[in-house]
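Counting from 1, the numbers follow the sequence of the chain as shown.
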Amino acid sequence: LPQRTMVSRELRAGENWTVHTHPVDWLTNGTRTQAALFVLAANAPTSSSPTLNKTILNSTHENITTYPQDVANGDGDVVTNVTDWRVNGSSIAVLNLPFDHDVRDGARGLVFDYSSHRNNGTLGSARGSGTIPRWTSEGRVGGAFVFDGINDRINVSRSVSLNLTGGMSVSFWLNLRSSSLYKIIFAKGQQSGDVGYGCGDPSGFSTIIVCWYRTSAGVVYATGINRPSFDSWNHIVMTYDGTTTVRMYLNGSDVGDSAYGGSHQGASADLEIGGSVGETGSDLNATLDEFRIYNRTLTPEQVDRIFLDENR
């Protein structure tokens, strides 16, 4: 006789599930039988304290490297190690979204920010149903979110820690799909009005990726990079030095900078990943992974190191 299955995505820890079966022929109903099951929570992965090593001495001319230790999972699930670097107890990333946690609907929880600032995101937008990006286990590092190019969003509520006006950097992995144009990768505020910072192709022609900042002199666009190849992972970083220069990197290499006058102005708006608040037709058609915003200007050496560490 055919079996019947309830998939794991329907189960919640602590629920009592029963199944009732009725043998039925063309003439009569047989006696009902049942079986019960208590749903246990999945085992959380474990690890011991990581090692943090310098090459020789604890001096500023040496790299420091962390090594995870004794990582295990009793369920046999794939485990990734999320890293969050902190100085004097505070994360240098004001937003650290590795997208490794399998969250597929708004009721299941938040898109977790692993920084000390806890700027957790939520799936979907105020535009209603059908705006939730699809989680996939096939990210560049662990999981990722797939944006459909129609209306998918991850929303990060406004906070003081994200309203950056000094040196800053944004790092992410992008896999563009060739089936349609992409537009805005992320934006804090709209391109007109309450503009903060963002990245994408505001022209809508899908030929370049640029990043922008709002300054006291107006909205300034960085030197763009040619659109990365379709259907492959590319690492993109933009940095702002806090005074005049916006720089962009592709796969660890510096691809250009723009200098401008005027101080960088913050924006009070939410941060939208996958498009821009209030701007129709700006929806991203791509897979996005390892999304981070830093409250400092990453050096070219650090940008290259992130690319090498995550490109394994």
Side-chain angles (χ1 to χ4, degrees), residues 45 47 50-53 55 62-69 71 73 77-87 91-103 111-117 119 121 133-147 154 156 168-177 182 185-186 199-200 209 211 225-240 247-255 271 273-274 284 286-312:
S47 66
T51 59
L52 188 61
N53 291 345
T55 308
E62 297 177 284
N63 297 338
I64 55 175
T65 303
T66 182
Y67 299 90
Q69 301 293 313
V71 178
N73 185 281
D77 297 328
V78 175
V79 178
T80 57
N81 288 284
V82 177
T83 301
D84 187 62
W85 292 99
R86 304 187 180 193
V87 177
S91 300
I92 65 171
V94 295
L95 188 65
N96 184 354
L97 303 178
F99 298 150
D100 288 342
H101 184 55
D102 184 357
V103 181
V111 182
F112 194 72
D113 171 25
Y114 288 84
S115 81
S116 59
H117 303 279
N119 291 310
R134 176 175 59 86
W135 188 85
T136 176
S137 61
E138 298 178 352
R140 188 64 194 88
V141 182
F145 277 105
V146 180
F147 296 80
I154 295 175
V156 181
M168 64 171 294
S169 306
V170 183
S171 170
F172 55 89
W173 285 88
L174 183 72
N175 190 333
L176 294 172
R177 288 196 300 281
Y182 78 99
I185 300 168
F186 74 92
C199 193
I209 292 178
C211 297
I225 60 177
N226 291 330
R227 182 188 61 206
S229 56
F230 286 125
D231 302 314
S232 63
W233 285 105
N234 290 275
H235 185 233
I236 297 173
V237 174
M238 69 167 181
T239 66
Y240 167 57
R247 190 176 302 274
M248 293 190 69
Y249 299 83
L250 176 63
N251 296 328
S253 298
D254 185 345
V255 293
L271 174 73
I273 300 172
L284 178 66
T287 305
L288 198 61
D289 196 8
E290 303 297 312
F291 188 91
R292 301 185 190 92
I293 299 178
Y294 298 89
N295 60 8
R296 60 174 55 198
T297 309
L298 296 178
T299 62
E301 294 81 5
Q302 186 60 48
V303 171
D304 184 56
R305 190 69 255 175
I306 293 172
F307 169 69
L308 293 174
D309 285 345
E310 296 177 349
N311 189 35
R312 297 180 185 273

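- To the nearest 0.5 Å, the span separating CG on Leu95 from NE2 on His117 amounts to 9.5 Å.
- Contacts of Ser229 classified as side-chain hydrogen bond (donor to acceptor under 3.5 Å, both in side chains), with partners at least two apart in sequence or in another chain: Ser232.
- For the pair Asp289 (side chain) and Arg140 (backbone), a donor-acceptor distance under 3.5 Å is present.
- One distance of note links OG1 of Thr83 with CD1 of Ile306; it measures 11.0 Å at 0.5 Å rounding.
- In this view, Ser137 satisfies the side-chain hydrogen bond (donor to acceptor under 3.5 Å, both in side chains) rule with no residue, not counting sequence neighbours.
- Residues passing the side-chain hydrogen bond (donor to acceptor under 3.5 Å, both in side chains) test with Ser91 are Asp84, Arg86, Ser116, sequence neighbours excluded.
- Asn251 is listed as a side-chain neighbour of Phe307, based on a closest heavy-atom distance under 4.5 Å.
- Scanning both residues, Cys199 and Phe172, for their nearest heavy atoms gives SG-CZ, 4.2 Å.
- Distance CG/Leu298 to CG/Asp304: 12.0 Å, rounded to 0.5 Å.
- The side-chain hydrogen bond (donor to acceptor under 3.5 Å, both in side chains) test applied to Asp309 returns Arg305, Arg312, not counting sequence neighbours.
- Take Glu310 and apply the salt bridge (charged side-chain N to carboxylate O under 4.0 Å, His left out) test, not counting sequence neighbours, and it matches Arg292.
- The side-chain contact (heavy atoms from CB on, under 4.5 Å) search around Asn295 returns Ile92, Val94, Leu164, not counting sequence neighbours.
- In this structure, the side chains of Pro228 and Ile209 come closer than 4.5 Å at one or more pairs of heavy atoms.
- For Phe99 against Leu288, the heavy-atom pair with the smallest separation is CD1-O, 3.3 Å.
- With rounding to the nearest 0.5 angstrom, the CG atom of Asn226 is 9.0 Å from the CG atom of Leu250.
- Two residues are said to be in side-chain contact when any heavy atoms from C-beta on lie closer than 4.5 Å; Asp113 and Leu97 meet this criterion.
- For the pair Val156 and Gly121, the tightest heavy-atom approach, listed with the atom from each and the gap, is CG2-CA, 4.0 Å.
- Here the side chains of Ser171 and Glu290 are not in contact, with every heavy-atom distance at 4.5 Å or above.
- Of all the heavy atoms in Trp135 and His101, the pair that sits closest is NE1-O, 3.2 Å.
- Across every non-hydrogen atom of Asp254 and Arg247, the tightest pair is OD2-NH1, 2.7 Å.
- At distances below 3.5 Å, not a single donor-acceptor pair connects side-chain atoms of Asp100 with backbone N or O atoms of Asn81.
- Atoms CZ and CZ, from Arg134 and Phe145 in turn, are 11.0 Å apart once rounded to the nearest 0.5 Å.
- Annotation: ring pair (Phe, Tyr, Trp, His ring centres under 6.0 Å) contacts of Tyr249 (sequence neighbours excluded): none.
- Between Asp231 and Leu176 there is no side-chain heavy-atom pair separated by less than 4.5 Å.
- Atom-to-atom distance recorded for Phe147:CZ and Ile185:CD1 is 10.5 Å, nearest 0.5 angstrom.
- The backbone N or O of Ser169 sits nowhere less than 3.5 Å from a side-chain atom of Thr239 that would complete a donor-acceptor pair.
- Residues Val87 and Arg296 form a side-chain contact, since some pair of their non-hydrogen atoms from C-beta on lies under 4.5 Å apart.
- Contacts of Phe186 classified as ring pair (Phe, Tyr, Trp, His ring centres under 6.0 Å), with partners at least two apart in sequence or in another chain: Phe291.
- Residues Ile293 and Leu271 are in side-chain contact: their nearest non-hydrogen atoms beyond the backbone lie under 4.5 Å apart.
- Residues forming a side-chain contact (heavy atoms from CB on, under 4.5 Å) with Thr287 (at least two apart in sequence, or on another chain): Thr136, Ala144, Val146, Asn175, Arg177, Trp233.
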